[in-house]
Number of protein chains: 2
Amino acid sequence: MAPTAVTPVVLGLLALGPRSGYDIKAAVDRSTRFFWAASYGQIYPELRRLEADGLVAGEDAPNGARGRRVYELTDSGRKALEEWLLGTSVTIEYRDESLLRLFFADALPREQALALLEARQRGHEQYLDVLRAIDALPGRDPDFVDLVLRWGIDFNDWGRQWCEHQLQRLRRKKRS
Amino acid sequence: MAPTAVTPVVLGLLALGPRSGYDIKAAVDRSTRFFWAASYGQIYPELRRLEADGLVAGEDAPNGARGRRVYELTDSGRKALEEWLLGTSVTIEYRDESLLRLFFADALPREQALALLEARQRGHEQYLDVLRAIDALPGRDPDFVDLVLRWGIDFNDWGRQWCEHQLQRLRRKKRS
DNA sequence: TAGTGCATGTAATGCGTTACATGATTTC
DNA sequence: GAAATCATGTAACGCATTACATGCACTA
């Protein structure tokens, strides 16, 4: 089966340990969703496809009468993950409404345009709060999982400062 | 009509001057596509919707026998743009395969994992080249158009340095 | 016992890209 | 005369989200 956008997340998360579809969705919402989202509508069908292809192995692991199916990576699954990790595809999709507003902000009176920059700065600050709260959670993550969290924190901190700096620059420019 | 993702781009670009659908697509590909893409399949139907709603006015402006329809913003179109500019929606969608790779890089031998960071750094460098070439193009842009281009350049420059710095840190850590 | 969380799954919907069709004009 | 660019437009396809349905288990 041709891999889809959700394939690497499922394989990658299963590489960190066996999980159910529900668990995978929960892990995504805690971690990769900031740069790679996935929904139930993708995860469950994908797990069945991957099992049919022998990349993951599912096993029923009910809690009492409540059904539950836990998947783990097979050897070919691990190999497929490593191949993807070493691959060269570079999908980047970015949609940022705040940047789009800034881009068209010349249509506004100067003060309102600058307020958009301030709003963007606050957005970074709020994001920082969220990520720092995740960072403060107990338990240590593998090195590269932690590295990516650090990226999120550093990026938003940079973005916050960038907005501040540009605000100063543009206010100076206005006066001159 | 309820506004869609493509509505603000069309209104915003028309605020910078009258354009055809083709022109809009070309402008998007030169500018907003980095953070807000749009395709013909969105732009042409949207122009007809906006005209039906009175937000833009189209006029046939053929080049010889070759058909061409140029649109300009009406007063209510400008008002709709300003409303969106002052709105509070904050759509952010981000899909970055390079970050996803890093996130799962613990599954690789250390050296190969670090190579992923190096690859990300090169990605930033290439992006920088593209944006700096755009920046070097003759003609000056409105302040905030220029600000967003500056953001792209500064962000990639920051990202490049971040990768470099983390590479050093992780290599040091390995030795200890 | 009511509410929340665990757990699986799918149908409907919406959105956006890709690819194609058509044809004129300009440029080399 | 060929190739690239200008210009409009749509149909098909794939992808992803949303929303819903179902029901068990724990906890306050």
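Below, each value reflects all heavy atoms present in this structure, side chains not excepted, and no hydrogens, waters or symmetry copies. So that the names make sense, note that chain A is the first sequence line, chain B the second, and so on, each numbered from 1.
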Would one find a side-chain N or O of [X] under 4.0 angstrom from OP1 or OP2 of [N]?
X	N	value
B:Arg48	D:dT10	yes
B:Gln42	C:dT17	yes
B:Asn63	D:dA7	yes
B:Arg95	D:dA16	yes
A:Arg68	C:dA7	yes
A:Ser20	C:dC6	no
A:Tyr40	C:dG9	no

Need one value for [X]: base, sugar-phosphate or nothing, where a base atom within 4.0 Å counts as base even if backbone is also close, heavy atoms only.
X	result
B:Ala5	sugar-phosphate
A:Gly67	sugar-phosphate
B:Gly21	sugar-phosphate
B:Ser39	base

For the pair made of [atom1] in [X] and [atom2] in [N], what is the distance, rounded to whole Å?
X	N	atom1	atom2	answer
B:Tyr22	D:dC6	OH	C1'	5 Å
A:Asp29	C:dC6	CG	C1'	14 Å
A:Asp60	C:dG9	CG	C1'	14 Å
A:Trp36	D:dC15	CH2	P	12 Å

CZ on A:Arg19 to OH on A:Tyr71, rounded to 0.5 Å:
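The CZ atom of A:Arg19 is 14.5 Å from OH of A:Tyr71, to the nearest 0.5 Å.
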
Straight-line distance of B:Ile134 CD1 to B:Phe34 CZ, nearest 0.5 Å:
4.0 Å

Donor-acceptor check, side chain of A:Gln42 to backbone of A:Ser39, threshold 3.5 angstrom: yes or no?
yes

Heavy-atom distance under 4.5 Å between the side chains of B:Val90 and A:Asp96, does that happen here?
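No; the side chains remain at least 4.5 Å from each other.
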
